[in-house]
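Step one of this worksheet: look at the structure below.
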Amino acid sequence: MTRLDHEEYVELVLTCVERVPRGRVTTYGAIAEVVGTVAGGGGPRLVGSVMAMHGGPVPWWRVVRADGSLPPSHEVDARPHYLDEGTPLRPSGNVDLKQAFWRPPALG
DNA sequence: AATATGACTGTCT
DNA sequence: AAGACAGCCATAT
């Protein structure tokens with residue numbers, strides 16, 4: 001996994017993120033599974049790294065952690081988007097995965 | 001080549 | 001409920 005494969009991995013991850021419907025979210029793990037199936041490996045950390053490096057131009061706020069929360073710094077930036085998209089939120093302030101979780105479609 | 005790190009996750013305490 | 005630990009994969013130093 002490196003060089004061009006890396007680029008493809010990035011593309012797959014970003015594609016999944018872009019495919020997340022409004023008001024819905026997915027998790028790093030879910031993306032890692034779907035992308036990993038095609039890319040033949042990878043893991044949540046990789047998705048995280050990819051998002052950190054190339055997640056800028058995509059709706060990264062639709063990708064949350066397994067507990068429905070985002071890194072504190074980003075959570076603040078994401079909140080307005082959730083409010084705008086009508087994403088189900090829990091009293092705690094994080095996303096209600098019970099309702100908002102969206103499973104990315106199997107690529108390839 | 002080895003160690004440390006990260007926008008992660010699951011289990012145990 | 002909240003913190004500690006280990007597993008996981010790729011990149012950076």
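Throughout, protein chains are lettered first and strands after them, A, B, ... in sequence-line order, and every chain is numbered starting at 1. The analysis underlying the following values was restricted to heavy atoms, covering all of them including side chains, and did not include hydrogens, waters or symmetry mates.
- If you check distances only, the side chain of A:Arg45 never reaches the base of C:dC9 with a donor-acceptor pair under 3.5 Å.
- Atom CZ in A:Arg65 sits about 14 Å away from atom P in C:dA2, given to the nearest Å.
- As rounded to whole Å, 20 Å separates atom P of C:dG7 from atom CD of A:Glu33.
- In this structure, the CG atom of A:Asp67 is 14 Å from the P atom of B:dT11, given to the nearest Å.
- Taken to the nearest 0.5 Å, the CH2 atom of A:Trp102 stands 15.0 Å off from the CZ atom of A:Arg22.
- The OH atom of A:Tyr82 lies 9.0 Å from the CG atom of A:Asn94; values are rounded to the nearest 0.5 Å.
- Note: CH2 (A:Trp60) to P (B:dG6) measures 19 Å, nearest angstrom.
- Of all nucleotides listed (B:dG6, C:dC9, B:dA7), B:dA7 comes nearest to the side chain of A:Tyr28.
- If you take NE2 of A:His74 and C1' of B:dC8, they are 15 Å apart, rounded to a whole angstrom.
- Whole-Å rounding puts the A:Arg62 CZ to B:dA7 C1' distance at 17 Å.
- Of all nucleotides listed (B:dC8, B:dG10, B:dG6), B:dG10 comes nearest to the side chain of A:Ala66.
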Requested in this report: Begin with the C-alpha distance, continue with both residues' side-chain angles, and end with the deciding distance and a verdict on side chain to side chain contact (heavy atoms under 4.5 Å, CB included) for A:Tyr9 and A:Val47.
Outcome: CA-CA 9 Å; A:Tyr9 191 91; A:Val47 178; 3.9 Å; yes
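- Between the CG atom of A:Leu70 and the C1' atom of B:dC8 there is a distance of 12 Å, given to the nearest Å.
- Distance, A:Met53 CE to B:dC8 P: 13 Å, rounded to whole Å.
- Using the six-membered ring where Trp is involved, A:Trp61 and A:His81 have ring planes that are parallel, under 30° apart on the 30 and 60° scheme.
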